[in-house]
Amino acid sequence: LDAAALDIFDLKVGSSEDRAAALANDIGMQDIDIGRLVRLRTMSLSSAGADCRDDLEAAMAIVAGGAADHVTKDQLGAWFDQHHNHFLPAELDAIVGVADKDQTGTLDRPQFVSLCRKLRRLRRAH
């Protein structure tokens with residue numbers, strides 16, 4: 001057998017880009033209970049491992065369509081749509097509002113990471 005052929009059966013993520021893509025995919029496809037999401041408390045970033053923060057920041061680049069310092073509500077909505085997770089405008093406003101503490105309608109890097117961490121916590125609790 002060719003050793004390369006066996007690699008397709010290896011279920012470990014091979015690179016940080018793969019981890020970020022998998023994380024973005026998981027979050028994008030997640031069934032979101034907006035009411036529960038709004039009630040989640042924010043936890044400090046220091047409680048997340050450095051790898052997790054790096055992966056979430058890399059996922060932000062995927063959502064934003066490249067290296068960016070913010071994600072717009074339209075970009076977030078398009079990202080969810082690409083993952084067959086369609087939200088009404090009011091639902092998308094509520095999701096963005098969870099992390100958009102300065103009410104600009106966009107999420108900067110810490111706000112995006114905070115939103116993703118809440119979505120991951122919501123998924124684990126479900």
Side-chain angles (χ1 to χ4, degrees):
L1 281 182
D2 185 351
L6 294 177
D7 192 44
I8 64 170
F9 299 106
D10 184 8
L11 298 179
K12 295 179 184 171
V13 179
S15 70
S16 61
E17 291 85 15
D18 290 342
R19 273 195 312 274
L23 182 58
N25 188 52
D26 286 349
I27 293 171
M29 292 177 54
Q30 177 177 340
D31 182 30
I32 300 172
D33 181 338
I34 295 171
R36 287 183 60 217
L37 176 64
V38 170
R39 291 189 300 270
L40 279 178
R41 295 180 54 102
T42 301
M43 295 174 67
S44 73
L45 263 178
S46 61
S47 65
D51 288 343
C52 178
R53 283 195 307 271
D54 292 345
D55 291 343
L56 290 173
E57 289 180 5
M60 180 178 175
I62 293 169
V63 175
D69 61 348
H70 68 279
V71 172
T72 67
K73 182 172 69 170
D74 291 339
Q75 288 172 321
L76 195 63
W79 176 55
F80 281 124
D81 286 345
Q82 289 172 355
H83 291 87
H84 309 287
N85 210 352
H86 308 286
F87 292 103
L88 297 172
E91 293 172 324
L92 192 56
D93 287 340
I95 292 169
V96 170
V98 165
D100 185 18
K101 300 305 179 191
D102 54 4
Q103 300 179 356
T104 61
T106 63
L107 301 177
D108 62 19
R109 190 169 306 281
Q111 291 170 336
F112 179 81
V113 169
S114 173
L115 175 63
C116 289
R117 290 184 63 229
K118 285 181 179 183
L119 290 171
R120 292 183 70 209
R121 284 178 39 221
L122 187 65
R123 182 178 183 150
R124 284 192 303 262
H126 201 135

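All values below were derived from every heavy atom in this structure, side-chain atoms included, with hydrogens, water molecules and symmetry-related copies excluded.
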### Task
Check step by step if side-chain contact (heavy atoms from CB on, under 4.5 Å) holds for Trp79 and Val71.
CA-CA 10 Å; Trp79 176 55; Val71 172; over 6 Å; no
Show me the donor-acceptor pairs, under 3.5 Å and distance only, between side chains in residues 86-95 and residues at least two apart or in other chains.
| residue | atom | partner | partner atom | Å |
| --- | --- | --- | --- | --- |
| His86 | ND1 | Asp81 | OD1 | 2.9 |
| Glu91 | OE1 | Leu88 | N | 2.8 |
| Asp93 | OD1 | Lys73 | NZ | 2.5 |

### Query
Could you go step by step and tell me if Leu56 and Met60 meet the side-chain contact (heavy atoms from CB on, under 4.5 Å) rule?
CA-CA 6 Å; Leu56 290 173; Met60 180 178 175; over 6 Å; no
### Query
Where is the tightest heavy-atom contact between Gly105 and Asp100, given as atom of each residue plus distance?
N-OD2, 2.7 Å
### Message
If you compare all heavy atoms of Ile27 against all heavy atoms of Arg123, which two are closest, and at what distance to 0.1 Å?
### Response
N-NH1, 4.5 Å
#### Entry: Minimum heavy-atom distance between Ala24 and His83, given as atom pair plus value
O-NE2, 4.2 Å
### Task
May I ask you to test the Leu122-Gln30 pair for a side-chain heavy-atom distance under 4.5 Å?
yes
### Query
Taking all atoms of both residues into account, what is the closest heavy-atom pair of Gln75 and Ala64, and its distance?
NE2-O, 3.1 Å
### Task
Working to the nearest 0.5 Å, report the span between SG of Cys116 and CG of Asp55.
11.0 Å
### Task
Group every Ile, Leu, Val, Met, Phe, Trp and Tyr by side-chain heavy-atom contacts under 4.5 Å, then state whether Ile62 and Leu76 land in the same group.
no
### Message
Is there a continuous path of hydrophobic side-chain contacts, each under 4.5 Å between heavy atoms, that joins Val38 to Leu119?
### Response
yes
### Query
Side chains of Leu23 and Arg120: closer than 4.5 Å at any heavy-atom pair?
yes
### Query
Could you state the interatomic distance from CZ (Phe112) to NE2 (His70), rounded to the nearest 0.5 Å?
12.5 Å
### Summary
Shortest non-hydrogen pair, Asn85 vs Gly28, comes out as ND2-O, 3.1 Å
